[in-house]
Amino acid sequence: MTRVAIIGVGLAGLTLAHALRDRAAVALFEKARGVGGRMATRYADPWQFDHGAQFFTAQTEAFRRFLQPAIEAGAVARWDARFAEFDGPDQAAHWQWGAERPHYVGAPKMNALAKYLADGLDIRLATRIGSVEPAGNAWALADEAGADLGRFDWCVSTAPAPQTLSLLPESFAHRTAIADAPMRACFALMLGFDDPLPFDWDAAHVGNADISWMSVNSAKPGRDTAPSLLVHSTNAWADAHLDDDPEAVTAYLIVEASRVTGHDLGAAPHIALHRWRYANLPKRSGAPALIDPANRLAACGDWCIHGRVEAAFTSATALAGALAPLL
Ligand SMILES: Cc1cc2nc3c(=O)[nH]c(=O)nc-3n(C[C@H](O)[C@H](O)[C@H](O)COP(=O)(O)OP(=O)(O)OC[C@H]3O[C@@H](n4cnc5c(N)ncnc54)[C@H](O)[C@@H]3O)c2cc1C
């Protein structure tokens, strides 16, 4: 059977593995200790935060079909949030999400969809790929310490574009398309509280501020955790302050979120910050996935299309369609 190595176990890697598992011997490698990539959840008992993707939609029939078993298994749930639009500190609009345009989350945490999909796959966690080198007719993968991880007929990277660029060999035919992907940064501020939050919204977009999003994480379906608020910076602010002192970033984002909500959030008993260097990117035109049959190398991920969960699925599905006849 053709041996396929997939680097990265976010939604793109998992989608691809499911599509190819009956045609090839698929091995997945993930540098983190868990699956899900940017569909991530962090615990700080008694609090829990989805600090990457907040929710996702399913615009295509293909993604809706893909999600259905996970919905039936309870790993994905519809989030009918009370949603607010803020213009600086002013609440400009307020409505409730519903069935007409469903918003989904992993349940009871964002990485639950990835955990559901990971079942039965050959996944090596805590394994950061350090090199992909030619070895006869195959690709030899090694970790950062140089430990041999095996030989593969095909190697596919689903890591964010800049990481894919540094991983795939110089001979890969589509390096320019990867280098052109304009990935943006984002800070996630995590605030845990003892008492319920006094807001009339569960999720909010924010304009005219250096924060872009707030959500009451504990209000998502299936969460049985203490009150928690997740705040995202704008991409522009994060890009400009990427290497600032984390304490200064934390302090600034608390002030900004307090200004927008009209509540002093600095007294939260739990305060943490996460920096996403490669968080998302605007919509791109171009190929939904990159395949180089002569070298038996390929790449896919949200960054081929748009910084969205569904785009990761669509990119991986496009790659699976192109790869399948070649295996
Ligand atoms: C702050 C933030 C907010 C977001 N909000 C939303 C939202 O509300 N709605 C929405 O639809 N989308 C949102 N997104 C985007 C969404 O999370 C992504 O589009 C989607 O999860 C990307 O999936 P992926 O599989 O393409 O990439 P990833 O999930 O990034 O998976 C790639 C994997 O590759 C691994 N990796 C990288 N290098 C190596 C290596 N050398 N060796 C082994 N493994 C490696 C990484 O650890 C990662 O797990 C958000 C993202 C962030 C960060």
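All figures in this text were calculated on a predicted structure; none of them were measured in a lab. In listed order, ligands and their atoms are each counted from 1.
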### Validation row: Leu253, Leu273 side chains within 4.5 angstrom (heavy atoms)
yes
### Message
Between Tyr252 and Trp237 (judged by ring centroids, cut-off 6.0 Å), do the two rings come close enough to count as a pair?
### Response
yes
Please list every donor-acceptor pair under 3.5 Å in which a side-chain atom of residues 170-191 meets a protein atom from a residue at least two apart or in another chain.
{"unit_1": "His174", "atom_1": "NE2", "unit_2": "Ile291", "atom_2": "O", "d": "2.8"}
{"unit_1": "Arg175", "atom_1": "NH1", "unit_2": "Leu165", "atom_2": "O", "d": "3.3"}
{"unit_1": "Arg175", "atom_1": "NH1", "unit_2": "Leu168", "atom_2": "O", "d": "2.9"}
{"unit_1": "Arg175", "atom_1": "NH1", "unit_2": "Pro169", "atom_2": "O", "d": "3.3"}
{"unit_1": "Arg175", "atom_1": "NH2", "unit_2": "Leu165", "atom_2": "O", "d": "3.0"}
{"unit_1": "Arg184", "atom_1": "NE", "unit_2": "Asp239", "atom_2": "OD2", "d": "2.5"}
{"unit_1": "Arg184", "atom_1": "NH2", "unit_2": "Asp239", "atom_2": "OD2", "d": "3.0"}

## Note on the structure
Contacts of Thr164 meeting side-chain hydrogen bond (donor to acceptor under 3.5 Å, both in side chains) (sequence neighbours excluded), chain-then-number -> Ser157
### Message
Applying the side chain to side chain donor-acceptor pair (under 3.5 Å) criterion to Gln68, which one of Arg65, Arg64, Glu72 satisfies it?
### Response
Glu72
Inventory of protein N or O atoms under 3.5 Å from ligand 1 N or O:
{"unit_1": "ligand 1", "atom_1": "8 (O)", "unit_2": "Gln54", "atom_2": "N", "d": "3.2"}
{"unit_1": "ligand 1", "atom_1": "8 (O)", "unit_2": "Phe55", "atom_2": "O", "d": "3.4"}
{"unit_1": "ligand 1", "atom_1": "9 (N)", "unit_2": "Phe55", "atom_2": "O", "d": "2.7"}
{"unit_1": "ligand 1", "atom_1": "11 (O)", "unit_2": "Val309", "atom_2": "N", "d": "2.8"}
{"unit_1": "ligand 1", "atom_1": "12 (N)", "unit_2": "Val309", "atom_2": "N", "d": "3.4"}
{"unit_1": "ligand 1", "atom_1": "19 (O)", "unit_2": "Asp302", "atom_2": "OD2", "d": "2.7"}
{"unit_1": "ligand 1", "atom_1": "19 (O)", "unit_2": "Arg308", "atom_2": "N", "d": "3.2"}
{"unit_1": "ligand 1", "atom_1": "19 (O)", "unit_2": "Arg308", "atom_2": "O", "d": "3.1"}
{"unit_1": "ligand 1", "atom_1": "25 (O)", "unit_2": "Leu11", "atom_2": "N", "d": "3.1"}
{"unit_1": "ligand 1", "atom_1": "25 (O)", "unit_2": "Ala12", "atom_2": "N", "d": "2.9"}
{"unit_1": "ligand 1", "atom_1": "26 (O)", "unit_2": "Asp302", "atom_2": "N", "d": "3.1"}
{"unit_1": "ligand 1", "atom_1": "27 (O)", "unit_2": "Arg38", "atom_2": "NH2", "d": "3.1"}
{"unit_1": "ligand 1", "atom_1": "29 (O)", "unit_2": "Arg38", "atom_2": "N", "d": "2.9"}
{"unit_1": "ligand 1", "atom_1": "30 (O)", "unit_2": "Arg38", "atom_2": "NE", "d": "2.7"}
{"unit_1": "ligand 1", "atom_1": "30 (O)", "unit_2": "Arg38", "atom_2": "NH2", "d": "3.1"}
{"unit_1": "ligand 1", "atom_1": "41 (N)", "unit_2": "Ile129", "atom_2": "O", "d": "3.2"}
{"unit_1": "ligand 1", "atom_1": "42 (N)", "unit_2": "Ile129", "atom_2": "N", "d": "2.9"}
{"unit_1": "ligand 1", "atom_1": "44 (N)", "unit_2": "Lys31", "atom_2": "N", "d": "3.2"}
{"unit_1": "ligand 1", "atom_1": "47 (O)", "unit_2": "Glu30", "atom_2": "OE2", "d": "2.6"}
{"unit_1": "ligand 1", "atom_1": "49 (O)", "unit_2": "Glu30", "atom_2": "OE1", "d": "2.7"}
{"unit_1": "ligand 1", "atom_1": "49 (O)", "unit_2": "Glu30", "atom_2": "OE2", "d": "3.2"}

Listing, residues 4-26 side-chain donor-acceptor contacts under 3.5 Å, not counting sequence neighbours, or none:
{"unit_1": "Thr15", "atom_1": "OG1", "unit_2": "Leu11", "atom_2": "O", "d": "2.7"}
{"unit_1": "His18", "atom_1": "NE2", "unit_2": "Leu117", "atom_2": "O", "d": "2.6"}

